[in-house]
Structure formats: structure tokens, C-alpha cells
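In what follows, every chain begins at residue 1, and chains take the letters A, B, ... in the order their sequences are listed. Everything numeric here is computed off the predicted structure, so don't read it as measured data.
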Amino acid sequence: MASRFQAPRGTFDVLPEQGRARARLERAAAEIFARAGYEPVATPAFEDTALFERGVGKSTDIVRKEMFTFEDKGERSLTLRPEGTAPICRAYLEHGMHKLAQPVKLSYLGPFFRHERPQAGRYRQFHQLGIECIGTDSPLADAEVIMLLSDLLGELGVPGVELRLGSLGSLESRRAYLEDLKAHLHAHEGELSRDVRERIDVNPLRAFDSDDEGTRAVMESAPTIVGQLDGEDAEHFAEVRALLDAAGIAYAVDPTLVRGLDYYTRTIFSFVCDALGAQSEIGGGGRYDGLIEQLGGPATPAVGFAAGIERILLALDEEAPAAGRDAFVAIADPGQRGRAMALAVELRHAGISVEVDLAGRGLKGQLKHANRIGAARVLILEADGSAQLRDMETGEQRAADPGNLVDEMTGGGS
RNA sequence: GUGGCAGUAGCUCAGCUGGUAGAGCUCCGGCUUGUGGUGCCGGCGGUCGCGGGUUCGAGCCCCGUCUGCCACCCCA
């Protein structure tokens, strides 16, 4: 009886079992962000295509081949958002948030879209949560953002997490560095493996990850970005590290760390989880001091991160237990339906989780259902107006005062 | 976008060298003439991903396609 329709490639349905784990994650994130003063915001699921071309960068994989782009009936080119930072910066500018007390601290959560080949942990519609701290270039902001993601993963109990930290320096020094690296690779072309050699001009940084013996030897003497940081960039990076050290957050400096988005400057970081396979990054981000200016605003420093909700859930791999109910209101006679419904509403208002039979079951079926949904107690309404209160764990059952059923249930005694 | 593996009931899977589908779990009902959980019995439920081909005959062989997974790539 398989339906002819299925969810489109790379998309998925969230079913109740996973919905519970998801709700827990979202609640934990909301609390952690709120306690640190990050206010929840939301932006549209699609934006002007040019926002991403300018913000993320025309030469990036995301813009070149992964965007869901379409034209509306007014011939505007729109794109389902592939990431969240550029849209938030757009909103920051559009609503004059640079006039607010700085920094402006925002959090968000929602669906994002990238046309990639699907795999576990990689979807065409996926969900990210993240924060952005806009309007300060202090290393304290870098450290705060990293700590909050670290807190979240720690509170959720994500196992096997590792933090990698790097720095790209300014846009100019990064560009200069890449030229140096390419020059180094070209100078040793003969010693490199073929695939590395072919990618020298496409992605020279990739050479650092090679398993090839000859390539590794060449990379030993290769220049690193971190090693080439100039005065202020080096100082900023040192301060971020000192702050993380002081907070007791473990990290590994990774000079080969790169991000696929053009807007990053200075600090970049990545939380990876070894339980995940190829798509091992569960969250990452960095500083993007040039982005807002790039979008036509005043020069405004900022830092933030995004974390993949599906990847965190995958890493947790937890079987979220069904919640259970405090009570179930059963009826011994169909004439009690109205009374049962009214009582359930009253009990719910009193803070008790209650269900009633919505399927017209007999008493036996109702008890069975109550057991199945994990109801702790069942209130049985008799045809003559009396009531029985049954403890589903012990099986004990006694008469309840029909005039005080809410008190009977909230009083605790059974 | 490239290469590889897989696709049988809602779920987990079996199905020998091709002879026209089976188990367990779930769900519904009975044993139990209003009272759940264990047990026993019964029932519902399958275009064997989809399309084409070979064959007297295909879940099983061949081709195509879709979807998932693994790696590359990329990133959350």
C-alpha cells in the first residue's frame, strides 16, 4: 500500500519519535541563548538571489552549484536560503539595527536549502540553529559565541565532540597567504600526488589533508595561515585562545581549517563529532567583519555560528522515550462522553496531562489504550454518576468523590 | 556532479539452481457477559521501489529509472 508519493529527494518527515528529541534540543538551545541575551529572530525562507551572490561569494560551491533559485511572476530572481548569516545581516541593515546599542545579539532556527547529493547527515532541506553577535570586534565576542555552542553540545550530551580553531586573518592577508601556498605547491609539483597537483589552483588548502607520503613531506615545510598572521590579527587570535583557555574549553588549533563561505575573517571554528562519518561537522562559524559592508552597510564587525540540527540529533542517536500521561478519563457508558471531555479540559487547565477516548472504544479498549499511552492513572466515569480511580501501575482501584475529581487528581493521593 | 552498495507487509527481515509470497513485532478481535499489562487463538495488511525486456513462467536474470546508504566533493 505504498503511497505513490514520497518526500522529495534529500528531504524527510519528522515523525513523533524524532519530534520529541528535536523539541528537547530546541528548548535547550532557546534557554542557553536567552540566558546569554541572544534574542530570537526569523527571516524569510527565500531571499533576493543577489544577497547570497554578494554575501556568500560568487566563487563558492554554495552559490555556484547548490542554490535552489527560481523566478517569481514579477521576474525577480529568488533563492531558497542556503545559509542564515547573510539574511540576518540584511535584516540588521534593513531595520537600522546599527542604531541600537551594540553589539546586537540574535539567535535563529529554521530550514535551509542546498541542492547537494544527499547522504546521512546531508539533506537538501535541513535545519540550522545559530547565533550572531553583530557590532563588536572584541575577541570576547568570539569566545562567547564559541562557549555557547560548546555549552549547548555539552548540555545535550553529544559524545565525541572536538573543537577545531583557526584564524584566517584579514581578507587581504588571506589572499596573500593563498598565493604563497600555491607558489610553494607549484615549486614542488613533482613530489605531489596527482589529485593534489590538479587542485593546486582550485583548493590548495586541501593538500594539508592528503595521505600521500610525498605530499605530506611537501606540506611539512608549507606556510600556514596561522603562522603568517600579522600584528593585530595575531593578537586577536591569541586573545581568543587565552579566553577559551581561561574558560577551560579544549580545542585544537588547526592551521588547515577553512570555511566554504567567502565572508569569514579572523577567527573560524568547527565542532566535529567522530560518530558521524563523512559529514562530521555538527556546527561551526567564525568572524565576518567585512560582510555587512559588502552588503552595502557601514563597516561592522560580527561573529556567529550555525549548527546542524539533524547532525546533532544523529550524533545523539537517542531513543526519545514517549512522554506518558498523568491520566486518562475513561467512560463506562457512552452517555458520559460529554462529562469526560469537560473533565479532561478542566484537568488540563490544572496542569495535568490527560487524554480521553476519541475512537469510540469499549471500556476494555480504553483501558488498553490508556496503558499503551503510558497513563499513570485512569478515571472511570460510571453511568450513575459515580467514579472509580485506578492506578495503572499497581492495579489498585477505589471509588473517587465525583464532586471533587480535580482535587482527587491534583491532591496526589490515590 | 563522480564512483560503489542496496530497495520484499506500518517496522525488522526470510524467500534454495527462475515455478506466480512467508515469519516476528505492531494494529484489531476472541479466550475473559463493561477493567489494561503476561499467555494462547484468530483476523486486517503485499502493484516484491517504478518502467521495460528475456522466458511457457521473474521477487529471483538483463536494461533503464527513482530513492536511500557509503566514499569523493562540500559543509551544518
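- The side chain of A/Arg9 contributes an N or O atom lying less than 4.0 Å from OP1 or OP2 of B/G68.
- Looking at A/Asn371, its side chain has no donor and acceptor atom pair within 3.5 Å of the base of B/G37.
- Spacing between B/G57 and B/A21 at atom C1', rounded to whole Å, works out to 16 Å.
- Going from the C1' atom of B/A9 to that of B/G46 covers 5 Å, rounded to whole Å.
- A donor-acceptor contact under 3.5 Å is formed by the side chain of A/Gln397 with the base of B/U35.
- Relative ring orientation between A/His115 and A/Phe68 is described as tilted, the plane-to-plane angle lying within the 30° to 60° band.
- Between the side chain of A/Arg117 and the base of B/C73, no donor-acceptor pair under 3.5 Å is found.
- B/C48 and B/A14 have their C1' atoms separated by 13 Å, with the value rounded to a whole Å.
- Taking the six-membered ring where the residue is Trp, A/His184 and A/His188 present tilted rings, their angle falling between 30° and 60°.
- You'll find the side chain of A/Leu343 reaches within 4.5 Å of the side chain of A/Val406, heavy atoms only.
- Side-chain contact, A/Arg90 with A/Thr43: no donor N or O sits under 3.5 Å from an acceptor N or O.
- If you check B/U2 for Watson-Crick or wobble pairing at under 3.5 angstrom, you find it paired to B/A71.
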